[in-house]
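Any value given below was found using the heavy atoms of this structure, including those in side chains, with hydrogens, waters and symmetry copies removed. What you are looking at is a predicted structure, and each value in this text was computed from that prediction instead of being measured.
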There are 2 protein chains.
Amino acid sequence: MKKENITIYDIAKEANVSPATVSRVLTGNAKVRPQTMRKIVEVIEKYNFRPNSLARSLLYKQSKMIGFILPDINHPFFSTLVQKSEAHALELGYTSFLCNTMNSSENESKYLQSLIEKQVDGIIYLGGRINDTDTDEDYAEEMKNVMKRIPVVFVNGQMAGVDAHIVRTDEESGIIKLVELLINLNHKKIGFVGGLKGISSTEVKKSAFIKTIKSKGLEVKEEWVLDGGFNIESGEEVAAQLLYLRERPTAVVCVNDLVAIGVIKVLTKFGLQVPENISVVGFDDVYLAKYYPPGITTVSQNYDLLGQTAINILVDLINEKEAEKETVVPTSLVLRDSCKIYSE
Amino acid sequence: MKKENITIYDIAKEANVSPATVSRVLTGNAKVRPQTMRKIVEVIEKYNFRPNSLARSLLYKQSKMIGFILPDINHPFFSTLVQKSEAHALELGYTSFLCNTMNSSENESKYLQSLIEKQVDGIIYLGGRINDTDTDEDYAEEMKNVMKRIPVVFVNGQMAGVDAHIVRTDEESGIIKLVELLINLNHKKIGFVGGLKGISSTEVKKSAFIKTIKSKGLEVKEEWVLDGGFNIESGEEVAAQLLYLRERPTAVVCVNDLVAIGVIKVLTKFGLQVPENISVVGFDDVYLAKYYPPGITTVSQNYDLLGQTAINILVDLINEKEAEKETVVPTSLVLRDSCKIYSE
DNA sequence: CTGTTAGCGCGTTCAC
DNA sequence: GTGAACGCGCTAACAG
């Protein structure tokens with residue numbers, strides 16, 4: 001089990017210098033005579049020596065690692081966001097630790113503990129309990145405890161009573177853009193489908209939807225507002241419900257692109273063409289949205305900006321600099337072919 | 001910058017015991033009087049103390065971390081595989097470090113060094129240079145150096161001259177199943193599209209394709225075998241080429257599902273219905289394959305088994321147990337609606 | 001059952 | 001410009 005590691009002592013001995021000198025060439029923190037330096041570098045390369053970052057972190061009290069907490073890396077929204085964030089973190093000298101909670105609060109707690117033990121310098125919270133509208137007391141307590149020791153940034157989430165730094169997509173204005181688009185396209189019967197009660201993103205979107213519809217003097221039919229979930233299956237189920245309706249909406253806003261895909265799939269299957277017979281729009285601009293026929297009109301999350309901002313704020317916090325308490329990242333409308341002008 | 005960490009010394013002092021005793025209750029490696037134990041646990045909870053795993057790893061010479069090297073977490077094949085593998089690793093007590101190389105060999109080298117410095121116990125190589133058919137000398141050398149210190153498992157890849165433990169999907173038999181299916185459906189003009197020359201997966205699949213076609217007494221037309229890449233865009237481009245042909249194949253085997261999606265998209269756009277006018281099959285059984293209309297017939301990679309096997313072998317190597325040098329994971333045909341019987 | 005001590009690998013004083 | 005010594009937080013070994 002015990003690995004025989006090469007250490008600076010071995011290097012020092014072979015190069016006839018002290019470990020301290022080896023350390024100096026490693027860090028570059030002090031001057032070393034070129035000749036000595038050359039010799040040391042030579043030995044280092046000979047043995048392919050790499051300093052043990054564990055030891056270094058122990059000493060510095062800095063691990064140069066950040067933890068990511070997210071529900072599921074398999075969801076394109078998260079995989080894209082993670083990829084962008086991670087790349088930016090790497091540029092800033094941080095490596096990333098991914099924690100897929102698989103929507104289990106238990107896992108979430110375990111991972112949180114694990115990240116603390118691993119001495120990560122900060123945590124990016126992409127999803128999980130920060131998405132619940134009703135904050136669980138115990139979780140909030142746990143979160144506060146974590147935050148006492150480690151800087152945390154919430155992305156698109158929040159917790160009641162937890163005073164965290166937040167970076168969030170402007171979901172409200174995104175939905176408004178979508179609804180206004182549909183209204184401008186002459187739609188008067190518009191539905192909102194997918195998402196779950198109690199998940200903040202759903203609530204934010206839904207109320208933005210209702211507000212906009214009403215402000216335009218249109219009606220929000222209860223049967224056109226259908227809960228579901230966030231994946232393709234949810235969209236399929238919700239579409240089935242849509243089909244049962246005596247009076248169907250002429251356009252549907254979906255909580256995200258995956259739901260939109262599910263909706264389009266089932267609607268099409270049963271003979272309702274999108275956008276000819278019904279318009280459907282999504283949210284997120286997942287890469288699929290572009291490819292799924294007919295191409296889904298949606299709102300882009302601005303992954304790059306969202307990820308970079310989150311990392312920048314976290315790093316500022318790590319370095320004990322001031323940072324914006326709440327940053328709102330704008331969205332942009334992406335026009336594709338899943339909606340069209342409504343005409344009787 | 002310096003964080004004031006709570007240590008076992010603080011706990012020990014407060015509980016009027018020695019650090020060693022605190023350590024004993026932490027590890028459970030020795031008996032402690034219940035009364036003492038209770039007191040210690042109490043103090044630990046009071047301060048919400050967590051042991052520093054960096055220090056522990058330094059001592060044990062084991063980090064309980066594994067590194068994953070992969071091209072891009074945003075590709076559903078990798079995100080699924082990672083998710084399955086990671087979950088299994090976690091069950092075995094290992095946490096995972098993801099390294100997205102973004103198809104850059106430079107990043108790959110950097111990450112490799114970083115993983116060594118971080119003292120990961122093992123590395124799972126999901127993709128990157130192990131997918132090249134022509135092995136670069138320097139990379140092979142670097143890899144061998146890494147493997148001298150850390151166990152490595154290659155998933156669906158290999159390097160000439162590098163004697164690694166390998167877990168791989170039986171791509172050959174997968175392709176054979178696909179081609180035989182098409183032939184049984186009466187197709188006589190079959191193409192193979194996507195993938196890149198010099199990438200082993202492509203070469204394996206392509207030669208399995210050619211072999212099978214020939215063994216059935218059919219012809220392999222050169223213009224029906226088109227290189228491309230591995231994403232949806234590649235599929236689109238390749239489909240455009242297909243459209244130019246005077247004589248088109250009646251069925252196309254794609255190097256993977258994403259390419260199949262791109263192909264179907266463009267073909268459909270230009271009026272060729274799938275499967276009515278042309279049959280298209282993919283590979284991987286990415287979750288999209290199920291949803292992308294008309295539902296793509298493909299070969300499933302058996303992600304669970306692939307991931308678990310890789311982790312099991314790696315962990316065996318870490319524990320210096322014997323392990324299979326090469327494990328082949330079977331595939332299974334997934335029938336959906338993107339191909340049908342050919343009739344003149 | 002419990003305390004003392006040493007050392008994992010490294011970097012940073014402080015002398016020289 | 002270089003070396004000796006200490007300490008980061010933890011646990012195993014050895015006494016008691």
Checklist entry - Quick one, which residues of residues 30-45 of chain A touch DNA chain D with a heavy atom under 4.0 Å? => result A:Lys31, A:Val32, A:Arg33, A:Thr36
Next on the checklist: Test: ring pair (Phe, Tyr, Trp, His ring centres under 6.0 Å). Region: residues 17-45 of chain A. Which pairs qualify, not counting sequence neighbours?
Outcome noted: none
Item to check | Greater than 12 external heavy atoms within 6.0 Å of B:Glu326's CD | outcome: yes
Could you tell me how far apart [X] ([atom1]) and [N] ([atom2]) are, to the nearest whole angstrom?
X: A:Tyr47; N: C:dG9; atom1: OH; atom2: C1'; answer: 18 Å
X: A:Ile8; N: D:dA4; atom1: CD1; atom2: P; answer: 13 Å
X: B:Lys13; N: D:dG9; atom1: NZ; atom2: P; answer: 13 Å
X: A:Tyr9; N: D:dG3; atom1: OH; atom2: C1'; answer: 11 Å
X: A:Asn16; N: D:dG3; atom1: CG; atom2: C1'; answer: 13 Å
X: B:Leu54; N: D:dG7; atom1: CG; atom2: C1'; answer: 15 Å
X: A:Asp10; N: C:dC8; atom1: CG; atom2: P; answer: 11 Å
X: B:Arg50; N: D:dC10; atom1: CZ; atom2: P; answer: 12 Å

Next on the checklist: List the residues meeting side-chain hydrogen bond (donor to acceptor under 3.5 Å, both in side chains) with B:Asp163, not counting sequence neighbours, and say none if there are none.
Outcome noted: B:Lys325
Item to check | side-chain hydrogen bond (donor to acceptor under 3.5 Å, both in side chains) partners for A:Arg56, two or more places apart | outcome: none
Identify each atom pair where a protein N or O and an N or O of nucleotides 12-16 of chain C are less than 3.5 Å apart, giving names and distance.
unit_1, atom_1, unit_2, atom_2, d
C:dT12, OP1, A:Asn29, ND2, 3.1
C:dT12, OP1, A:Tyr60, OH, 3.3
C:dT12, OP2, A:Asn29, ND2, 3.3

Item to check | Pairing residues for B:Phe68 by the ring-ring contact (aromatic ring centres under 6.0 Å, His included) criterion, not counting sequence neighbours | outcome: none
Checklist entry - Of all residues at least two apart in sequence or in a different chain, which pass the ring-ring contact (aromatic ring centres under 6.0 Å, His included) check with A:Tyr303? => result A:Phe77
Checklist entry - Could you give the distance from CE (A:Met102) to CG (A:Asn107), rounded to the nearest 0.5 Å? => result 8.5 Å
Item to check | Closest listed nucleotide, where the reference is the side chain of B:Lys61 and the choices are C:dG9, D:dG9, D:dT11 | outcome: C:dG9
Checklist entry - Which nucleotide in the set D:dC8, C:dG3, D:dT11 lies at the smallest distance from any side-chain heavy atom of B:Leu26? => result D:dT11
Item to check | Angle of first-five versus last-five pair axes in the helix from C:dC1-D:dG16 to C:dC16-D:dG1, to 10 degrees | outcome: 40°
Checklist entry - Using a cut-off of less than 4.0 Å, is there contact between a side-chain N or O of B:Thr7 and OP1 or OP2 of D:dG9? => result no
Checklist outcome for this item: Hits for salt bridge (Lys or Arg N to Asp or Glu O under 4.0 Å) against A:Glu86, two or more places apart or cross-chain, chain-then-number order -> none
Item to check | Pairing residues for A:Lys84 by the salt bridge (Lys or Arg N to Asp or Glu O under 4.0 Å) criterion, not counting sequence neighbours | outcome: A:Asp304
Checklist entry - Which part of the nucleic acid, if any, lies within contact of A:Val22, taking any heavy atom under 4.0 Å across all strands shown: a base, the sugar-phosphate backbone alone, or nothing? => result nothing
Next on the checklist: Less than 4.0 angstrom from a charged side-chain N to a carboxylate O is my criterion; do A:Glu142 and A:Arg129 meet it?
Outcome noted: yes
Item to check | Within residues 305-318 of chain A or reaching into it, pairs that qualify as side chain to side chain donor-acceptor pair (under 3.5 Å) - sequence neighbours excluded | outcome: A:His88-A:Asn312
Distance-only criterion, 3.5 Å: show the donor-acceptor pairs between side-chain atoms of residues 15-30 of chain B and protein atoms not counting sequence neighbours.
unit_1, atom_1, unit_2, atom_2, d
B:Ser18, OG, B:Ala20, N, 3.3
B:Ser18, OG, B:Thr21, N, 3.4
B:Ser18, OG, B:Thr21, OG1, 3.3
B:Thr27, OG1, B:Ser23, O, 3.2
B:Thr27, OG1, B:Asn29, N, 3.2

